[in-house]
Structures are given as structure tokens and as C-alpha cells.
Amino acid sequence: MFSSAQLALTFDVFALTSPKVLLITPPLTQLNTPYPATAYIKGFLGGRGYAVTQADLGLELVLKLFSRAGLTRVFAEIEAGDFALSDNVRRMMRLKNSYLSTVEPVVRFLQNKDSTLSSRICHSRYLPEASRFDNVADLETAFGTMGLTDQARHLATLYLEDLGDLLKETVGPQFGFSRYAEKLGMSATTFDELHAALQTPPNLLDELLLELLDELVTRVQPDVVGFTVPFPGNLYGALRLAGRIKQTSPATYTIMGGGYPNTELRNIKEPRFFDYIDLLTLDDGEGPWLRLLQAISCQLSVASCQAVQIGQQNKLTTDNWQLATDTFQRTFLRNAAGEVEYINHPQPDIPHPEVGTPDYSDLPLTEYLSVIEVLNPMHRLWSDGRWNKLTVAHGCYWKRCSFCDVTLDYIGRYETAPSALLADRIEQIVAQTGQTGFHFVDEAAPPLALRDLAIELLKRRTGITWWGNIRFEKTFSPDLCRLLAASGCIAVSGGLEVASDRLLALMEKGVTIAQVARVTDGFTQAGVMVHAYLMYGFPTQTTQETVDSLEIVRQLFETGIIQSGYWHRFSMTAHSPVGKNPAKYQVAAVGPEPGPFAWNDLWHDDPTGTDHGQFGPGLAKALYNYLHGVALHEPLGFWFDFRVPKTTVPRNVVAQALQEPTKPDFAKQNLRLFWLGNAPELRLETGKKSGRAVLTFYEQAEDFELKVPAAVGPWLHDLLIRLSSDYDAKILLKDAARDFPTGATFTQFLESEAWLTLREKGLLVL
């Protein structure tokens, strides 16, 4: 076995023995931006001297498929096949020439390479139309009279979805624009169905995918191929690709990790899975990959291993490849006996500050497609535009929500990184990609870390645009919301979940409806869009509580303090507090029984709750109308096709929460002052107006003057100069009070018109 000390010596010979690594995102995730997992691992491994190439085969498959050559193959196979075609597909077949002539211009338009096409798409019969166009919304209402490009992007997206329907009905039944063969990976307690699908001859889409892989492997000649599988819809593609590598390059190691294994495959016992994947890692990949590559480096160069006097190697698999396992971390493999073995020797995790900067090089960033699938402003951010993905902190600082997988590492282990380091990473990514948009992909970005990062970004004048997920907790004061907006924040999403104080307490969410209202109001007033995650069907939720939750949501939209939302049906998972102790939440787990493959989603009975499934369509319909400002005053029963009780929630609950008095500034002595504006000019008036000082401010949108007593003017001028020139100076309110000129009362000044004007214009107390 290789000891840790011996493996450490091999760093001296890595120039000779380091394996070539290929990281693949299999189909399919998002079309508009790369999934970040390979960029994270590439950045980490590249910083340690490894040669790493990455590829997004989901994007490449879409581009190969939605080209004139790709569609020609699709239509030819349909014509040669024996498919039972619907009337919709028959119509599309008759419009074959129109699709062939428009597909490449449409793709270029969605790649932002030909914006002039928007007029033809909107104002002429340019696009062939099939069933996706049957229910096109009133585009002028949805996008406004000036949103020509957005209208065209939405229509072009419908055009692609029509083609997706054509594929699913014929040559590619498993196709989806953000998933591929997803059904095979969902709740798959056995490997049988997936294994059977992988043994069948590849369909046309599989063939296109394998052609892309063959070209990639020929070019890179990798020793190790890693697959990230974040979702069930990536699993089939990853295994199909891994199987091809085993056929064409049996000496190449295949490794899998990602969100799906982390949640679904933690207890895998299925040996057939390892016909495709040699090594399966759990949780963060940096540590396991580092240990695996150290061992593989030695395996690839016996001479180098001998040079550092590493001892006897162990035969571990039926494929006759030998690895040292005494340093492996969170890794499954199939051992020489043909059994699945989990190896997790005590090793420190890679600290969050040491994971490095994501590296997006060799991803075709200009080739991604910006689509508008649904007319929801937050969903648009997910699908439109290219966003660099970055994590502010590892894990969740709250980690108590009973529906969440808080027992797993990606949530349970909370670590932060210094704001200066995060800002360095942001600047490196901007320099590399040329893109200044960032999506912070934290489970819940911590407010104090966001505060410090925002100050650092403002200090450096970085000028990024960003959005991310938060908890609607009281730390997000109106002033903090304004600071985040000034640093580039355009949107936040957070969990209101069941919108019921009883159920919020039961799920240990740590927020109340009133608190959510005040936080969302703070963000809205700062110009930040707010999206609410909504949940129905939580254990013991009654019909009355479901209706009352909808009333709270209605009031939030009516007052204008949230702009987007989405209802999710509660799902019980094996790694959540509800899944681990269902009796505590008065539900019973009824299956599925754990099998040799995946196990995470659990079925449950809720004897004290309502028939949750019947509410889904009505809740979705109401929400869609609310976010467009439609039918906000209809009775709640209007949205359901069955009788529901009247709400018991007063119609002014949210409005009253917003009217609750806030803490006055004189009670914030230990908080920090921050000025968003520029340093003002000071002028002392003479003559009839003697005894007054005038501060003139030149700001982005307006100039304004502030008149204060002559004694206060120099003090205030000096304070604002220090605040605007030295972002590292942490001047507390009580510090400012100590320097306040004698002869005046600081508390009275905090209530003066001048102070209130400054607070309105950008003087923050954080």
C-alpha cells in the first residue's frame, strides 16, 4: 500500500507521470451557460499542475443536432423508420425544408450572433410553427412594445421546443432540453432498466453523442475521464459515454461524481455499474480526485514510483489495473472479488479558501444559447444569458430545514472564504471569460459574507452583475439590501415555502411570514427582483392551510414586494430530517425499499394532512396570473375546480407587517456607516446666511445640496470624505458621534432633515 508520506514524494516526478484528464458534462443541463462542476475541478487540479481538458457534450450535442446536417439526418431517419406519427409531427415533416433553412439562423440568433433576425421572427412568417405555438401568450403584454428581441427569443425557443417534440416522438424518445433519459435515473432502486437501455443499440441521438466523444478522445488522448452527473437526466448520457470509452480505450480510467451520486448512490452495491465507471466519488470532488490522481500517476509510471521507493502495489479490480487505496477518500470501486467497496480513509477536506478559481477555459462560451422558455422573470435568469457560477461559502450556515438534505456534506459542512479572495476569483473569471455576470450558487448565501463581498467589490469598482439564493432572514436589513444592489445584485431567491407560520416552525425554517414580508420589501425597494420558492404538501398541511398560504402569496404580489415565484410539491428524501424521522412529522414512509442502486426519494403517507396532489394545478395557475398582475382580487376558489374553504387570513396581514416600526438610527450605535455616493464639496455661506454650510453632491442621476449648521459642515464633510475614500475604514455610528462638534446634539442631528436626506441618498447603517 502507498502511505500518505510516500505519495507526497511523487509531486517531484509529476512532470513525468501526471495523467491527462478529461472532464465531461454529459447531456443535458442548461443551454445558456455551462454547469460549473468541471470548471471547479479544472481550476483546482490545474492549480496543482495537472493537465485538464473539459467539454460540455450536452451543448455540443444540441449544436450538432440543431444544424442543417443534424436535422437532415433526423428527417431521413424518420422517413426511413416505422414511427406512428401524430398530426403535429406529420405537419412538421411537411415543413421539412422550412426547418432545414431556418435552424442554423435561429441558433445563431439565440447565441446572440445575429440580433437583426429578431424583426423577421416577430413580424413575418419566418418560423415554421407547430403545436408549441398554439398557446402563445400576448407577446406585447408580456414583453412590452419595445421588447422585440425578447419576443423573438421566446418565439425561437418555441421553435426549438417544437423540434424537441419531434425528436421525442420519433428518433430520440428520451430527449429533453435540460435532461436526457431522466426517467431512467429517477428513483432507480435497481440498475436493471438502465442497464437494459445501455445494452440496446444506440439511437440517432446516442450516435451523434458518441461521434462527438470519439472526436474528443482522439484529440485529447486522456488517461482519465471524469463525468459530472448533477441530475438524473445526466446519468444515462454519462454511462453511455463511459461505455464507449471502455470499448475504444479500455486502459482509460473513468470516474463519476456530482449531485446525483451524492444524494442517490451513497449506498450503491450494484457491481454492473462498474462495468462503465471505475471509480465513483461522493461529496466535494477536490479531495477524492487529488488522492485518485496521485495513485493513478504512480500506476502510469512504475519507474517513477520506484524512484521514490513506493512499495508493493495491490491488485484491486478485475481489469488488472492496480491502485493504492490507503489514501482514497469517499470513493466506491469494484474490488478483485467483484464486490462494490467503499473506501474512505481519514483525510482532511480541502478548505473552501483553497479550492481555487473555477477555470472556464476550453468551454465554448460564445456558443451557448440564451432562451426564454416561460414568461417568468426569475426563470428567465436561469435560461437567458451566460452566468459565471461561483460559491460564496461552502454549505449552509442555517442547515436546520427539515425538508432539506442537511445531513449531507454539501449542506452540513459550512465554510467561508475571505471577501478579498472571493473578489480575486471574480476578477480572474471576468478576465478569462470576458463576462461580468455571476450566479452565486450557494444553498443560502450568508448575509454577512455577502456584505463583506459587496464592500470589497465596491472598493475595487469591479462592476459585476450578480444574483443568488438567500434566506429571508432579518439580517437582510433595508440598508444591507441597498448595499448589495449597489455592488451589482439584481435578483435574489429564497424560501417562503408553505407561507404558514405553524408549518414554517415545524420545518424549522427560522423565518416568519412577517419577517419574509419585511425582507422582500427591503430588496424590492432597493431595486432587486425577489423570487419566492413556495411549497405545498408538507406533512400535516391541511386544506385550510393550503388556501391560507395562497392568500399570503396573493398579498405579497398585491403589495408588489415579490415579483416571481414557483410552487414545488414537497418531496421526502432519505437524507432529510423528515426522511430520517418521519414519525416526528406524523407521516409514514411507505417505500421504496432500498435496492442495490439509487435510493433517495421516499414515498410517504400523510394521514393528518389533505389530498395534496389536487392543489397543484390551481396553485400554479394562480401564481402565473399573480406574477403578471392579473386577477389579484378574485376569490381564491376561482383557481380550483373543486370547492375549497374561504381563507382565514386577514386581507392586510402583509401590509401590517410592512408598517411595523423599525429601529431608529440612534439605537444603532455599534453599526457601521457606509456611504454609497461621492465625496461632496463644502462651501461656507456668508452674509445674511452666515452660520450655514452647504455640501454639494454630484451623483449618477442627480446633483443635490445639503444645508447644515456651519459647525456641523466640516465634520460631515470630513466624515463623508473618509467614507468615500477608504472602504476599509470601519467607522461605527458611535465613532462618528465622538467627533461630532460641541454645541450640538448628535441624537437631534440623527433626526434632522439633513440626516434623513443623506440616508435616502445612500448613507447606510450596516
Side-chain angles (χ1 to χ4, degrees), residues 400-404 471-472 494-520 531-559 561-562 565-573 576-579 581-589 602-627 631-657:
R400 299 181 200 172
C401 299
S402 58
F403 57 84
C404 191
R471 292 181 63 251
F472 292 131
L496 172 58
E497 316 305 354
V498 287
S500 158
D501 282 338
R502 180 187 80 84
L503 293 171
L504 285 169
L506 179 62
M507 63 172 53
E508 297 186 61
K509 186 68 183 177
V511 300
T512 64
I513 291 170
Q515 179 180 311
V516 170
R518 289 189 288 270
V519 171
T520 56
H531 173 88
Y533 291 111
L534 303 167
M535 181 187 295
Y536 68 102
F538 192 75
T540 73
Q541 185 173 13
T542 65
T543 294
Q544 185 66 63
E545 286 173 321
T546 303
V547 173
D548 288 349
S549 295
L550 180 58
E551 170 59 19
I552 293 294
V553 171
R554 187 198 67 79
Q555 291 184 29
L556 291 168
F557 276 102
E558 182 183 40
T559 53
I561 58 176
I562 65 172
Y566 190 80
W567 289 101
H568 302 258
R569 173 83 179 267
F570 167 75
S571 176
M572 190 166 82
T573 63
S576 68
V578 178
N581 188 9
K584 176 181 176 181
Y585 300 90
Q586 301 180 54
V587 294
L602 305 179
W603 311 328
H604 69 280
D605 282 338
D606 183 3
T608 63
T610 187
D611 179 6
H612 302 299
Q614 65 180 337
F615 285 95
L619 292 172
K621 185 178 179 181
L623 186 64
Y624 179 84
N625 283 275
Y626 291 166
L627 68 86
L632 280 163
H633 301 291
E634 289 285 353
L636 300 183
F638 174 78
W639 305 111
F640 303 99
D641 57 5
F642 55 93
R643 289 179 61 86
V644 298
K646 292 183 178 181
T647 182
T648 62
V649 174
R651 295 181 72 84
N652 61 348
V653 165
V654 170
Q656 284 186 336

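These values consider heavy atoms only, across backbone and side chains, with no hydrogens, waters or symmetry-generated copies.
Across every non-hydrogen atom of L496 and L504, the tightest pair is O-CD2, 3.5 Å. The minimum heavy-atom distance linking P539 with V587 is given by the pair CB-CG1, 3.4 Å. The two residues V654 and Q555 make their nearest non-hydrogen contact at N-OE1, 3.0 Å. Of all heavy-atom pairs between M572 and W603, the closest is CE-O, 4.0 Å. Closest approach of P577 and C404 over heavy atoms only: CD-O, 3.3 Å. Of all heavy-atom pairs between H612 and Q541, the closest is CE1-O, 3.1 Å.
Taking the six-membered ring for Trp, F615 and F642 have ring centres closer than 6.0 Å.
The environment of Y536 atom OH is dense: over 12 non-hydrogen atoms of other residues, nucleotides or ligands sit within 6.0 angstrom.
A donor-acceptor pair is defined here as one N or O able to donate and one able to accept, closer than 3.5 Å; no such pair exists between the side chain of R554 and the backbone of P635. Here the side chain of S500 pairs no donor or acceptor atom with the backbone of S549 at under 3.5 angstrom. In terms of modelled atom types and a separation under 3.5 Å, the side chain of E558 and the main chain of V553 share no donor-acceptor contact.
Rounding to the nearest 0.5 Å gives a distance of 7.0 Å between OG1 of T520 and CD1 of I562. Here CG of L503 is found 10.5 Å from CG of D548. Values are rounded to the nearest 0.5 Å. A distance of 10.0 Å separates CG of D606 from OG1 of T542, quoted to the nearest 0.5 Å. Atom CH2 in W639 sits 6.5 Å away from atom CD in E634 (nearest 0.5 Å). The NZ atom of K621 sits 5.5 Å away from the CZ atom of F638 when rounded to the nearest 0.5 Å. From Q544, atom CD reaches atom OG1 of T648 across 4.5 Å, with rounding to the nearest 0.5 Å.
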Determine whether E545 and V498 satisfy the following criterion, side-chain contact (heavy atoms from CB on, under 4.5 Å), listing intermediate values before the conclusion. CA-CA 8 Å; E545 286 173 321; V498 287; over 6 Å; no
Step-by-step side-chain contact (heavy atoms from CB on, under 4.5 Å) determination, Y566 to H531: CA-CA 8 Å; Y566 190 80; H531 173 88; 4.0 Å; yes
Under the side-chain contact (heavy atoms from CB on, under 4.5 Å) criterion, do F557 and N625 qualify, and how do the steps go? CA-CA 10 Å; F557 276 102; N625 283 275; over 6 Å; no
Between Y585 and T540, does a side-chain contact (heavy atoms from CB on, under 4.5 Å) hold up when you go through it step by step? CA-CA 7 Å; Y585 300 90; T540 73; 6.0 Å; no
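Taking the six-membered ring for Trp and thresholds of 30 and 60 degrees, F538 and F570 have ring planes more than 60 degrees apart, a perpendicular arrangement.
When only modelled atom types and interatomic distance are considered, T512 and D501 share no side-chain donor-acceptor pair under 3.5 Å.
When side chains are defined from C-beta on, C401 does not count as touching M507, because their heavy atoms never get closer than 4.5 Å. At a threshold of 4.5 Å between non-hydrogen side-chain atoms, the residues T546 and L619 count as touching. Residues W567 and L550 are in side-chain contact: their nearest non-hydrogen atoms beyond the backbone lie under 4.5 Å apart.
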